[in-house]
Number of protein chains: 2
Amino acid sequence: MSSRSSAESAREIPEATIARLPVYLRALTGLTESGIATCSSEELATAAGVNSAKLRKDLSYLGSYGTRGVGYDVEYLTYQIAREIGVTQDWPVVIVGIGNLGHALANYSGFRSRGFRVVALLDADLERAGQEVAGIAVRPFDELEQIVADNAVAIGVIATPAAAAQSVADRMVASGITSILNFAPSVLTVPAGVDVRKVDLSIELQILAYHEQRKAAVDPGSVPQGAVGSSAAALSPEGVS
Amino acid sequence: MSSRSSAESAREIPEATIARLPVYLRALTGLTESGIATCSSEELATAAGVNSAKLRKDLSYLGSYGTRGVGYDVEYLTYQIAREIGVTQDWPVVIVGIGNLGHALANYSGFRSRGFRVVALLDADLERAGQEVAGIAVRPFDELEQIVADNAVAIGVIATPAAAAQSVADRMVASGITSILNFAPSVLTVPAGVDVRKVDLSIELQILAYHEQRKAAVDPGSVPQGAVGSSAAALSPEGVS
DNA sequence: TAGATTGTTAATCGATTAACAATC
DNA sequence: TAGATTGTTAATCGATTAACAATC
């Protein structure tokens, strides 16, 4: 799936580690805001919600940025991780599909402070295009190629209905985008070299439901087991907005 | 983290498999909509975006629901997976925090068809409470305990700002909720027996940025490398809505 | 020097994959 | 019977973890 370049740098960072680096970065930001200048692997691990052995192992792939007997300098480690991830500079991003979710994404103020800059909002619906969301004009989807070229956009966000997602992805790839964050509930097919990550609300809920069901089974009566709906309703065809 | 009951049923399904069952379910729904009644592991795997060996291995944990030489009956397999996950019945869910994201979640029509029913929208802001979103009245957060009790709610969704998330989680847990889906960018501390899953927009984007940066490094010039922002901007304190 | 904590080793655990016997 | 495809085995790969030597 993800790019797996082989002989590039001395270190080859495992995927599982890469996925945790942003979590460490956020935990470090929290420490900075609390006025903490130095921390041990134990403290940082707690803030990030992992165990300290895993944290130290993860950081060891980046280099030796701590001091034995002392810990880590919060500011220095923050910079090193940000540099490793690649968010010491802002990445321009386009969001396609300005429905409810697109609105929420456009208004999400966390992007800017974490290395991203929304350069355009696009929607195929010409009614929506022309409006303004979060201070950014919504533009017709057809302007995608121009916008990607003008702003050197490498990352695209898809917040369209499932039916439109693949064709939006195709246009994104053709226009030069090589990383896609997909919120539409559909599997995207993209060429090698293009990375896709997927966020799916109901899949996350279903994973919780699985465990919830098991809790109820182990300890019947202790956990409320929801009102009884019909299985027909639960299994009916999708009506994704 | 997640519940790990030991001697419960004959099978002990791996976490990685559980996380993929909802993906298979969605792929099967797609096949049903296309009028396909039977499929091979190869076809279903393609629709789900995994390889067929992994799919068959995953399904083998549930039982033997296929026919050698033939494949799987789509409707039968759909039911078996839905039953395993626990979504043949509807799970009542509450959403706390009706900002932009809460709005989007409340309006997400996919919940209903996938085993969930939003029974209440809650917000601490009394201005918001009293409004109506997606046909559901927004109620004061203080009514949480009553609503959870009345509707036997086991699953809660947090869409509040980061600063409020932990206290909302505490109240949820105290009220009897044992599964939480957290959209706020903060690490939640909960008692054993409570499951938390986290969805984080900027973490997903940062993972993409990491790989994007590597692509640019391997093949300079071929991939646009975004406008140059200041590292100060990228690392400034959070401004999460 | 004594205490603390990192960075690394090595063992363990879990997940993935290819191959194929079972069987429709 | 011949062809197709599942379910399972076993090998491989990657991730986690505890323990501790290195070193501040």
Side-chain angles (χ1 to χ4, degrees), chain A residues 1-6 10-21 23-24 27-28 31 36-74 76-78 80-81 84 207 211, chain B residues 1-6 10-21 23-24 27-28 31 36-74 76-78 80-81 84 207 211:
Chain A
M1 289 311 132
S2 11
S3 61
R4 206 155 292 170
S5 41
S6 45
R11 54 252 146 96
E12 182 70 8
I13 305 182
E15 266 305 308
T17 296
I18 293 163
R20 282 188 296 267
L21 293 181
V23 179
Y24 301 151
L28 286 165
L31 294 181
I36 297 170
T38 305
C39 66
S40 67
S41 62
E42 195 64 47
E43 291 168 305
L44 181 54
T46 299
V50 302
N51 76 49
S52 64
K54 190 187 281 182
L55 171 73
R56 289 197 302 278
K57 182 77 171 144
D58 283 342
L59 294 184
S60 75
Y61 291 109
L62 312 193
S64 293
Y65 298 135
T67 306
R68 291 169 202 239
V70 178
Y72 302 92
D73 180 89
V74 171
Y76 180 61
L77 186 59
T78 299
Q80 292 300 340
I81 295 179
E84 190 68 42
I207 295 170
H211 293 295
Chain B
M1 285 312 134
S2 6
S3 62
R4 204 155 293 169
S5 42
S6 47
R11 55 251 145 96
E12 182 68 9
I13 305 182
E15 268 304 308
T17 295
I18 292 163
R20 282 188 295 266
L21 292 180
V23 179
Y24 301 153
L28 285 164
L31 294 180
I36 296 170
T38 305
C39 66
S40 66
S41 62
E42 194 64 47
E43 290 168 305
L44 181 55
T46 300
V50 302
N51 76 49
S52 64
K54 190 187 281 181
L55 171 73
R56 289 197 303 277
K57 182 77 171 145
D58 283 341
L59 295 184
S60 75
Y61 291 108
L62 312 192
S64 292
Y65 297 135
T67 308
R68 289 169 202 242
V70 178
Y72 301 92
D73 180 89
V74 171
Y76 180 62
L77 185 58
T78 298
Q80 292 299 341
I81 295 180
E84 189 69 39
I207 295 170
H211 292 296

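Every chain is numbered from 1 and lettered A, B, ... according to where its sequence line falls, protein lines coming before strand lines.
Among residues two or more places apart in sequence or in another chain, the side chain to side chain contact (heavy atoms under 4.5 Å, CB included) test is passed with A:Thr17 by A:Ile13, A:Pro14, A:Arg20, A:Leu21, A:Asp58, A:Tyr61. In this structure B:Thr46 satisfies the side-chain hydrogen bond (donor to acceptor under 3.5 Å, both in side chains) test with no other residue, sequence neighbours excluded. Looking at residues two or more places apart in sequence or on another chain, you find a side chain to side chain contact (heavy atoms under 4.5 Å, CB included) between B:Ala47 and B:Ala27.
At a threshold of 4.5 Å between non-hydrogen side-chain atoms, the residues A:Tyr24 and A:Leu55 count as touching.
With rounding to whole Å, A:Glu43 atom CD is found 14 Å from C:dA4 atom P. The distance between atom CG of A:Leu62 and atom P of C:dT6, rounded to the nearest whole Å, is 15 Å. Atom CD1 of A:Ile13 and atom P of D:dA15 are 12 Å apart (whole Å). As a whole-Å value, the separation of B:Leu55 CG from C:dA15 P is 17 Å. The nearest whole Å value for the distance from the CG atom in B:Asp73 to the C1' atom in D:dT6 is 15 Å.
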Walk along nucleotides 17-24 of chain D from 5' to 3' and tag each nucleotide B, S or - by protein heavy-atom contact under 4.0 Å, base first, then sugar-phosphate. BBB-BBBB

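In DNA chain C, stems built from 3 or more consecutive Watson-Crick or G-U wobble pairs, each with both distances under 3.5 Å, span C:3-24 with D:3-24.
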Show your reasoning for whether side chain to side chain contact (heavy atoms under 4.5 Å, CB included) applies to B:Leu44 and B:Val74. CA-CA 9 Å; B:Leu44 181 55; B:Val74 171; over 6 Å; no

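Nearest-nucleotide positions on DNA chain D place B:Ser60 closer to the 5' end than the other of B:Ser60 and A:Pro14. Mapping A:Ser64 and B:Asp58 onto DNA chain C via the closest heavy atom, the residue that lands nearer the 5' end is A:Ser64.
Between B:Tyr65 and D:dT5 there is no side-chain N or O to OP1 or OP2 distance below 4.0 Å. Close to D:dG14, at under 4.0 Å from its OP1 or OP2, lies no side-chain N or O of A:Tyr61. Between C:dT5 and A:Ser40, no contact under 4.0 Å exists linking OP1 or OP2 to a side-chain N or O.
Sequence neighbours left out, not one pair with a member in residues 47-57 of chain B passes salt bridge (charged side-chain N to carboxylate O under 4.0 Å, His left out).
For B:Tyr76 and B:Tyr65, the distance between ring centers is under 6.0 angstrom.
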